[in-house]
Amino acid sequence: MHAPRHRTLSPDRAAIFGKIDAMLPELEKIYLDLHRHPELSMQEVRTAGIAAAWMKQYGFEVHEKVGTTGVVAILKNGDGPVILLRADMDGLPVKEKTGLDYASTQTGVDRFGQSVSIMHACGHDFHVTWLMAVGRLLSEARDTWKGTVMAVFQPAEEIGAGARAMLADGMVKRFPKPTVSLGQHVIPLPAGRIGYKAGVAMSAADSWEVKLFGRGAHGSKPQNSIDPVVMAASTVMRLQTVVSREVAMADSAVVTVGTLQSGFNENVIPDEALLRLNIRTFKENVRTRVLASVKRIIDAEAQASGAPKPPEYSVISQFPLTINDEAATARTVEGMSAYFGPERVMTVEPASGSEDFGLFGTAWNVPSVFWVIGGSDPDLYAKAQTGDDPTILPVNHSPFYAPVLHPTLRTGIEAMLAASYSWLD
C-alpha cells in the first residue's frame, strides 16, 4: 500500500487522512456490494438509495430523485467556498468475464428494450464509494474547514443523459452555486497514481442511430430487392475512410459503428438496417467536418443502392469536450501533490473517452477540474507498455476490466479529500 511522502497539511487535517485505514474494511464491503449489483443508466435506484442513506447518516441534507435517480447531498459548515464533488453511478450492458468471486451476474432491460447482462465495467462503483467516504471524513472533521460541500451522485453518465437530467430538474436554482466543480475517474494507469491534464482533457462524443431503408424479398430473388444488408455493409466500410482520408494527421478523430442490425432469417432479405455510430473529436472544427462527412457517406450509399427513401437519423447521446480550467487545475494539483508527493501525480495525454461532468461547471459558469486515478496492477501495466501485446491490460468497458481493489480504493479517497482541502477554507 502506498504511503504519502510529503504532507504539508496542518496536523488536524493530516489526522483526518489517518482515519482512512480504519474505514477501509467497511468501504471495501460497500464497494464489493456495489460491484455485484450494478444498475443501468437511469435505473440506479438501489445505488442511489445506498448513497443517500449514508450521506444522511453523516449529517448531510439529502435531496433524492434529482433528474430521476440523482442524489444531491449538502453539508453547510459556515461561510466559505462551495465545492461540488461528483460521482457517477451507472453500470454498462456488458457481461462480466473477470472471474472474480464478486463478479456481477445482474441482468436487465436497456434503453433499447434489449435484455442484457450488467457490469460495472467503467469503475463507477469505485466512484460512488470514494465520494461516500469523503463525505463521511469531511463531516467528521468539520473543525478543519469552512464552507459547503455538495456531493452529487449522478445517474446515466454512460449515455450522456444524467448531468443534463439533473440540470433540467433545476439544480442551478435549487442548490448553491459552486466555487469549483471537482470529479475523478478510475482508468488503466498504475494503481496508486493520479493523472491530470489542464485544458482539453477528454474528447467530445456524438452518437447517432441511423435507419437505412431497402426493399425486402425472398433470399432466392435478390433482383426483386434493394438489400439493406449490402447497403449497411458498404456504409460501414466507407465510413472507415473518414478518419484515414479526411482528418489531418495533426488532428484526431474516431468513428465507430457499434451496432449493425438487419433481418431475422437467412432466406429473407429484410427491408431495413439499423446502424448506431459513435464519433469522437477534440476540436470543434474537426467535429463539424467529421459529422458532415459521416452523413454525406451514409446518404450517398443509400442513394447509390437505390433506397426508396433517405436514411433517418436520431441523436442517441452527445458529450461536450471536458475542459479543465487552467488555474483551478493548478490549485487542485498543488493540493494533491502536497499530500502524495509529485512523483505520484503526473500529467497525462487527453483521453479519447468522453464525460458529461463538465456540464455542471458550464451550467453555473464556474471552473471544473477532472482527474484520473490509476487502477491497474503496476506489473501488468508495465508489461503492457513494454511488450508486444498491449491488449493484455483490460480497459474501461471491457468485460475483463476490474481495477485492483488496493490501493485503488484508498488512493481515490485520498485524492478527492486532498483536492477538497485545496479549496475549502
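Considering Lys295, Arg296, Gln303 as possible partners of Asp299, the one that fulfils the side chain to side chain donor-acceptor pair (under 3.5 Å) test is Lys295.
With hydrogens and angles disregarded, a donor-acceptor distance shorter than 3.5 Å links the side chain of Gln43 to the backbone of Val109. A donor-acceptor pair under 3.5 Å links the side-chain atoms of Thr179 to the main chain of Val82, judged by distance alone. Between the side chain of Thr129 and the backbone N or O of Asp125 there is at least one donor-acceptor pair closer than 3.5 Å. Within the 3.5 Å criterion, the main-chain N or O of Thr47 finds a donor-acceptor partner in the side chain of Glu39. With hydrogens and angles ignored, the 3.5 Å screen pairs no side-chain donor or acceptor of Thr68 with any backbone N or O of Met42. Side chain of Thr144 to main chain of Ala141: a donor-acceptor pair is present (N/O by atom type, distance under 3.5 Å, no hydrogens or angles). In terms of modelled atom types and a separation under 3.5 Å, the side chain of Glu158 and the main chain of Gly91 share no donor-acceptor contact. A donor-acceptor pair under 3.5 Å links the side-chain atoms of Glu96 to the main chain of Ser104, judged by distance alone.
Salt bridge absent: Arg331 and Asp325 never bring a charged side-chain N and a carboxylate O closer than 4.0 Å. Salt bridge status for Glu343 with Arg193: absent, with no side-chain N to carboxylate O gap under 4.0 Å. Under a 4.0 Å N-O distance rule, the pair Asp169/Lys65 does not qualify as a salt bridge.
Ring pair His35/Tyr102 is perpendicular by interplanar angle, where above 60° counts as perpendicular and below 30° as parallel.
Of the inter-residue distances, the one linking Thr281 atom OG1 with Arg289 atom CZ reads 10.0 Å to the nearest 0.5 angstrom. The line from OG of Ser262 to NZ of Lys211 is 12.0 Å long, rounded to the nearest 0.5 Å. The line from OG of Ser337 to CZ of Arg344 is 11.0 Å long, rounded to the nearest 0.5 Å. For the atom pair Leu34 CG and Met89 CE, the distance stands at 10.5 Å (nearest 0.5 Å). Ser207 contributes atom OG, which lies 7.0 Å from atom CD1 of Ile279 (distance to the nearest 0.5 angstrom).
Annotation: side-chain hydrogen bond (donor to acceptor under 3.5 Å, both in side chains) contacts of Arg36 (sequence neighbours excluded): none. For the salt bridge (Lys or Arg N to Asp or Glu O under 4.0 Å) test, residues two or more places apart in sequence or in another chain that qualify with Asp206 are Arg287. Asp425 meets the side-chain hydrogen bond (donor to acceptor under 3.5 Å, both in side chains) test with no other residue; sequence neighbours excluded. A search for side-chain hydrogen bond (donor to acceptor under 3.5 Å, both in side chains) contacts involving Gln57 returns nothing, not counting sequence neighbours. In terms of the ring pair (Phe, Tyr, Trp, His ring centres under 6.0 Å) criterion, residue partners of Trp208 (sequence neighbours excluded) are, by chain and number, Tyr313. Qualifying side-chain hydrogen bond (donor to acceptor under 3.5 Å, both in side chains) partners for Ser181, counting only residues two or more places apart in sequence or in other chains: none. Scanning for ring pair (Phe, Tyr, Trp, His ring centres under 6.0 Å) contacts around Phe112 gives an empty result, with sequence neighbours left out. Every residue meeting the ring pair (Phe, Tyr, Trp, His ring centres under 6.0 Å) condition with Tyr58, not counting sequence neighbours, appears here in chain and number order: Trp54. Evaluation of the ring pair (Phe, Tyr, Trp, His ring centres under 6.0 Å) rule for His397 yields no partner, not counting sequence neighbours.
By the 4.5 Å heavy-atom criterion applied to side chains, His63 and Phe175 are counted as neighbours. Between Leu85 and Val134 the shortest side-chain heavy-atom distance falls below 4.5 Å. Proximity of Arg410 to Asp21: side-chain heavy atoms (C-beta onward) are separated by under 4.5 Å at one or more points. Taking 4.5 Å as the limit, every side-chain heavy atom of Thr107 sits out of range of all side-chain heavy atoms of Val116. Here the side chains of Tyr196 and Asn324 are not in contact, with every heavy-atom distance at 4.5 Å or above. Side-chain contact between Pro350 and Lys197 is present, with heavy atoms from C-beta onward closer than 4.5 Å. In this structure, Asp90 and Leu40 have side chains that are not in contact, with every pair of non-hydrogen atoms separated by 4.5 Å or more. When side chains are defined from C-beta on, Val210 counts as touching Leu277, because their heavy atoms get closer than 4.5 Å.
Nearest heavy atoms, Phe60 versus Ser139: CE1-CB, 4.2 Å. Looking at every heavy atom in both residues, Ser244 comes nearest to Gln240 through OG-O, 3.3 Å. In terms of heavy atoms, Gly135 sits closest to Met55 at CA-CE, 4.0 Å. The shortest heavy-atom contact between Ala48 and Thr69 is CB-O, 3.3 Å. Taking each heavy atom of Met150 and Pro178 in turn, the nearest pair found is CE-CG, 3.8 Å. The shortest non-hydrogen separation linking Phe213 to Ala307 is O-CB, 3.3 Å.
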For this session: Could you walk me through whether Ile413 and Leu27 pass side chain to side chain contact (heavy atoms under 4.5 Å, CB included), step by step?
Result: CA-CA 10 Å; Ile413 299 166; Leu27 294 169; 3.5 Å; yes
Problem set entry | Candidate pair His185 and Met202, rule side chain to side chain contact (heavy atoms under 4.5 Å, CB included), full reasoning | CA-CA 12 Å; His185 202 300; Met202 302 184 77; 5.9 Å; no
For this session: Could you give me the CA-CA distance, side-chain angles and deciding distance for Met166 and Phe360, then say whether side chain to side chain contact (heavy atoms under 4.5 Å, CB included) is met?
Result: CA-CA 9 Å; Met166 295 187 80; Phe360 293 117; 4.3 Å; yes
For this session: Kindly determine whether Val186 and Thr408 satisfy side chain to side chain contact (heavy atoms under 4.5 Å, CB included), including the steps that lead there.
Result: CA-CA 8 Å; Val186 63; Thr408 310; 4.0 Å; yes
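Aromatic ring centroids of His37 and His120 lie 6.0 Å or more apart.
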Atom pairs and distances, donor-acceptor, side-chain atoms in residues 72-81, under 3.5 Å, two or more places apart:
unit_1: Asn77; atom_1: ND2; unit_2: Arg142; atom_2: O; d: 2.8
unit_1: Asn77; atom_1: ND2; unit_2: Trp145; atom_2: O; d: 2.7

Pairs of donor and acceptor atoms involving the side chains of residues 370-384, under 3.5 Å and at least two apart or interchain, shall be tabulated with distances.
unit_1: Trp371; atom_1: NE1; unit_2: Gln184; atom_2: OE1; d: 2.7
unit_1: Asp377; atom_1: OD2; unit_2: Asp379; atom_2: N; d: 3.1
unit_1: Asp377; atom_1: OD2; unit_2: Leu380; atom_2: N; d: 2.8

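A side chain to side chain donor-acceptor pair (under 3.5 Å) check over residues 347-357, counting only residues at least two apart or in different chains, returns the pairs Arg86-Glu355, Arg86-Asp356, Gln154-Asp356, Ser203-Ser354, Arg280-Ser354.
Surrounding CG of Asn365 are at most 12 heavy atoms belonging to other residues, nucleotides or ligands under 6.0 Å away. Around atom CD of Glu334, no more than 12 heavy atoms belonging to other residues, nucleotides or ligands sit under 6.0 Å away.
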